2 protein chains.
Amino acid sequence: MTQSRVLDIGEVAKATGLPASTLRYYEEKDLIRSIGRRGLKRLFDSAVLERLALITLGQQAGFSLDEIGRMFSPDGRPQIDRALLVAKVDDLDRSIRQLSAMRDGLRHAAVCKAPSHMECPTFQRLLRVAGKIRARA
Amino acid sequence: MTQSRVLDIGEVAKATGLPASTLRYYEEKDLIRSIGRRGLKRLFDSAVLERLALITLGQQAGFSLDEIGRMFSPDGRPQIDRALLVAKVDDLDRSIRQLSAMRDGLRHAAVCKAPSHMECPTFQRLLRVAGKIRARA
DNA sequence: ATACAAGTTCAAGTCAACTTGAGGTCAAGA
DNA sequence: TCTTGACCTCAAGTTGACTTGAACTTGTAT
């Protein structure tokens, strides 16, 4: 088991790169919990660092803080609703495919010889794919 | 060359699924252009549909409207700044890798037998990856 | 003992990307 | 001609995710 240290908000901020204001905001939103206070000052268990990594990852994957809250239960560690999780995995998979299409399309566009991108079949295929996506909410 | 029709805002809305208010907003932001008016009413060339597909794709790839505006020049078709484009492709590539990590991690979490996700090595690896990403702005 | 850096609260502000509402215009059909 | 429905403008409101500012408190170092 990793050894569990006590950190103040500044240390957490330094370790994660997140401003203290964000950490307070997350606590208010119940995404993280402080383990107590010394005087006024919040104290965090170093486990919060993993939790924050998870939150950041989720955000980068395009989930809202609310969704993330629901995905990784309000209690300590990520004990997750499986159905929700599977749904999210599917979302992600679709996103990844879209992004890959975009990446390939742009990569191609960067070297394409066609006079205008619109005349390039690769680019047109990209756009057709893009058009279909419409069903994502 | 695809044949170019004239569409009113309602037709564009129907074709793309975007509300008219959004289309007006995009025009104001110079992301699209109407080709004229009939009375008060905007008229669009059907080429705007491709442009909108491109915008939507860009958004799904996580770019802001401003970035998209810069990526695909203010004039008609996407005549793109190559350096910017290459940078964007790199961004995308990183995003895709992150999303893939998240997807795999979540997929695993959905079936994992470990008592808590934090005790699962696969999940821990995911978090380590997530931690490193910090450098994305 | 005192100063001070690092915390704290709470309300308000910001930004992107839209949406909504009020009130107005206009072309086409009955 | 008159009505209607689809469009228009412009200002203000909304949501999510924070940030900022003012005023206050405290543990640690001198």
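All chains are named by letter (A, B, ...) in the order of the sequence lines, taking the proteins before the strands, and each is independently numbered beginning at 1. Only a predicted model underlies this, so the values are computations on that prediction, with no experimental measurement involved.
For B:Asp66, the salt bridge (Lys or Arg N to Asp or Glu O under 4.0 Å) partners are B:Lys29, not counting sequence neighbours. Remark: A:Ile35 pairs with A:Leu43 by the side-chain contact (heavy atoms from CB on, under 4.5 Å) rule, at least two apart or across chains. Scanning for side chain to side chain donor-acceptor pair (under 3.5 Å) contacts around A:Asp93 gives A:Arg97, B:Arg103, with sequence neighbours left out. Judged as a side chain to side chain donor-acceptor pair (under 3.5 Å), and not counting sequence neighbours, B:Ser100 has no contacts.
The distance between atom CG of B:Leu31 and atom C1' of C:dA16, rounded to the nearest whole Å, is 12 Å. Nucleotide C:dA16 holds its P atom 6 Å from the NZ atom of B:Lys29, rounded to whole Å. Between the OH atom of B:Tyr26 and the P atom of C:dA16 there is a distance of 14 Å, given to the nearest Å. Between the C1' atom of C:dC15 and the CG atom of B:Leu65 lies a distance of 12 Å, rounded to the nearest Å.
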For nucleotides 19-26 of chain C, list the nitrogen or oxygen atoms of the protein found under 3.5 Å from its nitrogen or oxygen atoms, one pair per line.
from, atom 1, to, atom 2, distance (Å)
C:dT19, OP2, B:Ser21, OG, 2.8
C:dT19, OP2, B:Thr22, OG1, 2.5

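Side-chain nitrogen and oxygen atoms of A:Arg42 include none within less than 4.0 Å of the OP1 or OP2 phosphate oxygen of C:dG7.
Two residues are said to be in side-chain contact when any heavy atoms from C-beta on lie closer than 4.5 Å; A:Phe44 and A:Leu49 fail this criterion. Considering only heavy atoms from C-beta on, A:Leu52 comes within 4.5 Å of A:Leu23 through its side chain. Contact annotation: the side chain of A:Ile32 never approaches that of A:Tyr25 to less than 4.5 Å [non-hydrogen atoms, C-beta and beyond].
For B:Ser95 and A:Gln60, the side-chain atoms include no donor-acceptor pair closer than 3.5 Å.
A nucleotide of DNA chain D counts as in contact with chain A when one of its atoms lies under 4.0 Å from a heavy atom; the first and last such, 5' to 3', are D:dA17 to D:dG27.
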